[in-house]
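Contents: one structure, followed by commentary.
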Amino acid sequence: MPFTTSIHTGPIREALILDLRAFLSAEKDAVYRPSQPVATVHGITALQYALEKQNRRPIVVVEKPLLANGQISDMPVVCNLTASRALVAKALGINDHRRAAAIYAKRTGSPIAPTILPAGTAPVQEIVIEGADVDLTALPVVTQHSGDPGPYLTAAHATTYDPDTGVDNTAIQRCWVKSKRRMTYYPYPASHNNRNMRKFWAKGEDCPVVFWIGHHPAVLMGTQAKLGYPESHWSACGGLIGEPLRVVPSRTFGDKIMVPADAEIVIEGTVPREVFEADGPFGEYTGYLGPQVAAPVCDVTCITMRKNAIYHDYGSGLTDMLVPDNMAMEGKVYSLAKSVAPSLQNVYVPAQGRRFHAYMQFAKAGPGEVRDALTAALAYRRLKLAIAVDEDIDLFDDSEMFFALATRVQWSRDSFTIDGLSGSLLDPSTPMGAKTLSKMAIDATTPLPPSPGAPSPVPPRSSVPEAARAAAEKILDGVLTDGWPTL
Amino acid sequence: MKSKIETIAAGASWEKTGNTSWVQCDPCKSWFPVGPSLLARQEVKLHCPHCHREFVAADSARVIKAG
């Protein structure tokens, strides 16, 4: 079994094949299956919002997706697959989601090359739809938010390759299904897929691309690794799952672009050179409606899928989509900062900060180390705030974080801003016309003791003796609290 | 250009002015946000997300342009 050597990790799964349906089966107690039809237009996403408001995070399998044309789709929709950090960590064989950053960094930094299956032998190629039979509108694609112009693929993992090296690249990138065989495809301008596309276009060629949908969350996490360019997501994913990822040559592009053999659905096509159409507005991870943009398009050549395929939708801007990417970010920020600060213990990218905030924990940092680490973290594109705290602060408890900010920071001494760094221009606070952002770091750690064994030159935190605390909890154990006032 | 364009001028660096441009669809009168690069392109038509009409910015009812 992989990853049994660390106290924080266990086996990823018991099944022989790592795929979505095996995960759903293994986690059946975490799955909610509404008995009634749920509309693909706003209904499925509204269900996710309602669950989030209740702070409940089951996987949702909509077995009767009600399409815009009034028909019930034969293809179920799974959403909220990754809304729970605990469940995502479990999918990775990590017992405690709060320790994921270092483990994710270590595993994705130890790549394992994929296993290539013979063409046509993979489950994802059990059904092949080509040419005039291709019909994207037959899929239960979800229209998520008010103001979205139509149905979007939100869990489409776009895979392209660098035409110079042949190295694959994968990223989740949205596609608006506009007709049976055409959809917009928006590779964010700073993305590696965009760089690959531009390289093909510069050669006067259309860009080959495949979009694969639905897989085990561990594979989804592995293919979201934040890599350099060009580096293989197939290999990073192998490192994360501890074994080679099974891939197979795509129908249209052969071994130029592989696809995960055990995915649910694959959409293959080309991005014609310098063809743009309006795309959006679209409800983004920021929680705001991103503006309409000019996006490339994809002309679809082929759809393959498994028998009884399951369609996967990420709730954009909900924890369903934030959790997996933020956990991958934690691995990246941990790697960046750890390289300059050995005292770094942990990193947390909280969903309530969208993808803009990182909390970092240190143990007995040397002089300058915390600021070095904070500066390294801010270099990561999406971050705009990094906060450093000590080991006694629980990164995952905002009341603890605010306690540290309130009592351990003198702002002119312990905070600094750096202007002109790259960042997400989807941030609604970005000034008009800006191409870079202003970022901030806060050192909320306490000073070190003047000598080994001496107390830190700050007052100790108030507390009660452990025995008294345990006795108090025993008094309250079993006491009914209905009707007691809350904060 | 028949549409009425209102431009939000950038102020001093400490003044918040927002960063989002808006277009109003002439027939359905609904507003939707549009990125600056799309607004600047003449060859790509805007798409009203509400009535699905495609049109160039010049044929919109109103444009509020950031910057």
Side-chain angles (χ1 to χ4, degrees), chain A residues 41-42 68 143-152 174 176-179 182-184 186 188-190 194 272-284 286-297 417 419-420 423-438, chain B:
Chain A
V41 178
H42 302 147
T143 302
Q144 295 193 341
H145 293 99
S146 306
D148 288 359
Y152 271 85
R174 73 184 194 223
W176 172 16
V177 173
K178 299 185 89 169
S179 64
R182 175 167 275 197
M183 54 190 188
T184 60
Y186 186 60
Y188 191 74
N194 192 296
R273 185 168 166 259
E274 301 293 351
V275 175
F276 293 91
E277 291 185 8
D279 173 88
F282 180 73
E284 288 284 357
T286 57
Y288 292 82
L289 205 62
Q292 190 164 92
V293 295
V297 300
T417 56
D419 297 337
S424 172
L425 301 183
L426 287 170
D427 173 0
S429 73
T430 307
M432 278 190 289
K435 295 180 177 60
T436 57
L437 299 185
S438 178
Chain B
M1 188 100 180
K2 73 176 187 183
S3 60
K4 181 183 176 187
I5 299 179
E6 300 157 57
T7 301
I8 304 169
S13 61
W14 57 85
E15 294 174 354
K16 293 193 177 193
T17 51
N19 63 7
T20 301
S21 298
W22 290 83
V23 167
Q24 187 179 35
C25 176
D26 200 4
C28 79
K29 302 302 180 199
S30 60
W31 289 90
F32 58 99
V34 177
S37 62
L38 177 56
L39 263 187
R41 300 178 80 129
Q42 302 298 316
E43 80 283 11
V44 180
K45 287 185 176 176
L46 307 178
H47 183 115
C48 174
H50 303 281
C51 72
H52 297 287
R53 170 178 168 258
E54 293 195 334
F55 58 99
V56 295
D59 291 333
S60 59
R62 289 172 70 191
V63 176
I64 296 177
K65 198 173 176 182

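Since we're looking at a predicted model, the values are computed, not measured. Quick note on labels: first sequence line is chain A, next is B, and so on, each numbered from 1. Because only heavy atoms are used, hydrogens play no part in the values below, and waters and symmetry mates are left out as well, while side chains stay in.
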- Task: Of all the heavy-atom pairs spanning B/L46 and A/Q292, show the shortest one and how long it is.
- Result: CA-OE1, 3.5 Å

- Nearest heavy-atom pair of A/A294 and B/R41: which atoms, and what distance? CB-CD, 3.8 Å

- Note on the structure: Between B/P33 and A/G290 the two heavy atoms that sit nearest each other are CG-O, 4.3 Å

- What do you reckon, is OH of A/Y188 surrounded by more than 12 foreign heavy atoms closer than 6.0 Å? yes

- Message: What I'd like to find out is whether the side chain of A/P281 reaches to under 4.5 Å of the side chain of B/P49, using heavy atoms alone.
- Response: yes

- Item | Atom CD of B/Q42 with >12 non-hydrogen neighbours under 6.0 angstrom | no

- To the nearest 0.5 angstrom, please state how far the CG atom of A/D427 sits from the CG atom of B/N19. 8.0 Å

- Query: With a 4.5 angstrom heavy-atom cut-off, which part of B/E54 approaches chain A: side chain, backbone, both or neither?
  - Reply: side chain

- Task: Could you have a look at A/P428, A/P431, A/G433 and say which one has the most heavy-atom pairs with chain B under 4.5 angstrom?
- Result: A/P428

- Query: When rounded to the nearest 0.5 angstrom, what distance separates NE2 in B/H47 from NZ in A/K178?
  - Reply: 6.0 Å

- Item | Over all atoms of both residues, closest heavy-atom pair of A/A278 and B/V44 | N-CG1, 3.7 Å

